[in-house]
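Following: one structure in structure tokens, then a few remarks.
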Amino acid sequence: MKHLVAIVVLMLGFAAGTLGSAGVASAHAARIAADPVEDASLTEPPPRVSAMFNEAMQPQFAAMTVVGPDGNLWSTGDPMVDGAVISVGVRPLGPAGTYTVNYRATSADGHVVSGSWSFQLTVAGTATSGAAAATPAPPAAGAADTSEKTSGIPVWPFFLGAVAIIGAGVLWAARRRT
Ligand SMILES: [Cu+2]
């Protein structure tokens, strides 16, 4: 039981560190460029969006999604990690408005880096959207991998929620014992 409490405390600390790291200057990997650039006004949808970091990122566990003004998912396929650059394909876009790119990736030192940026589409495309962003997108055609990263949805909010719930339960149980 003691070990379990220690593990949960560690996980909570890690989660808090992940959440708190966004605004804190640190030596961890940081996003140094984005394509399209932040707040760009585009008349044509980009075929892909990408973020460049200041160091190479681990190819595993990278997530990147594009959510449109309609709240739907417009990214398609798996995120691609190429050294310090993470990118994901984008469907032909639909409604004009703000599209937000969300990403989460692990740097070489194991720290998780997550964030988002937005760009504007000023001329509506004719395409229809993908799945609603709240639900996992179906795997890309031909994709054999059905792991969670295939969906393109960051899983960490759910992970943090689960950690919080488990942590509360363990602490409650531990308190009852003493
Ligand atoms: Cu780090």
Side-chain angles (χ1 to χ4, degrees), residues 1-40 46-68 73-90 98-120 133-137 139-140 143 145-171 174:
M1 189 47 127
K2 218 170 188 179
H3 280 99
L4 198 53
V5 172
I7 288 168
V8 169
V9 168
L10 274 174
M11 289 171 84
L12 286 171
F14 174 75
T18 302
L19 289 174
S21 64
V24 180
S26 70
H28 310 316
R31 181 169 60 85
I32 55 174
D35 180 21
V37 296
E38 185 141 28
D39 297 328
R48 246 184 132 71
V49 298
S50 65
M52 179 182 275
F53 296 83
N54 63 346
E55 62 179 47
M57 305 299 282
Q58 293 188 20
Q60 303 90 347
F61 312 123
M64 185 172 271
T65 59
V66 180
V67 177
L73 198 62
W74 291 88
S75 47
T76 182
D78 288 334
M80 204 172 85
V81 180
D82 184 7
V85 177
I86 300 177
S87 65
V88 71
V90 179
T98 302
Y99 288 78
T100 301
V101 185
N102 305 289
Y103 61 86
R104 180 181 187 276
T106 310
S107 55
D109 68 2
H111 283 121
V112 173
V113 184
S114 63
S116 65
W117 80 94
S118 297
F119 62 89
Q120 315 285 327
T135 58
D145 182 2
T146 55
S147 70
E148 62 196 7
K149 78 181 167 70
T150 306
S151 72
I153 303 285
V155 296
W156 65 269
F158 307 108
F159 172 75
L160 291 186
V163 166
I165 291 164
I166 293 165
V170 168
L171 290 173

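Keep in mind that what you see is a predicted model, and the values were worked out from it rather than measured. Both ligands and their constituent atoms are indexed starting at 1 by order of listing.
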Worksheet, complete the sentence: Among the N/O/S atoms of Asp109, the Cu ion (ligand 1) lies closest to OD2
Worksheet item: Among the N, O or S atoms that His111 has, which is closest to the Cu ion (ligand 1)?
Response: ND1
Discussion item. For Val49 and Phe119: C-alpha separation, side-chain torsions, deciding distance, then whether side-chain contact (heavy atoms from CB on, under 4.5 Å) applies.
Written reply: CA-CA 10 Å; Val49 298; Phe119 62 89; 4.0 Å; yes
Worksheet, complete the sentence: Answer key: the N, O or S atom of His28 nearest to the Cu ion (ligand 1) is ND1
Practice prompt. Using a 4.5 Å cut-off on heavy atoms from C-beta on, say whether the side chain of Val37 contacts that of Trp117.
Written response: no
Fill in: Nearest-0.5 Å distance, NE2 of residue His28 to CG of residue Asn54
11.0 Å
Item to complete: To the nearest 0.5 Å, tell me how far Ile32 CD1 sits from Phe53 CZ.
Response: 9.5 Å
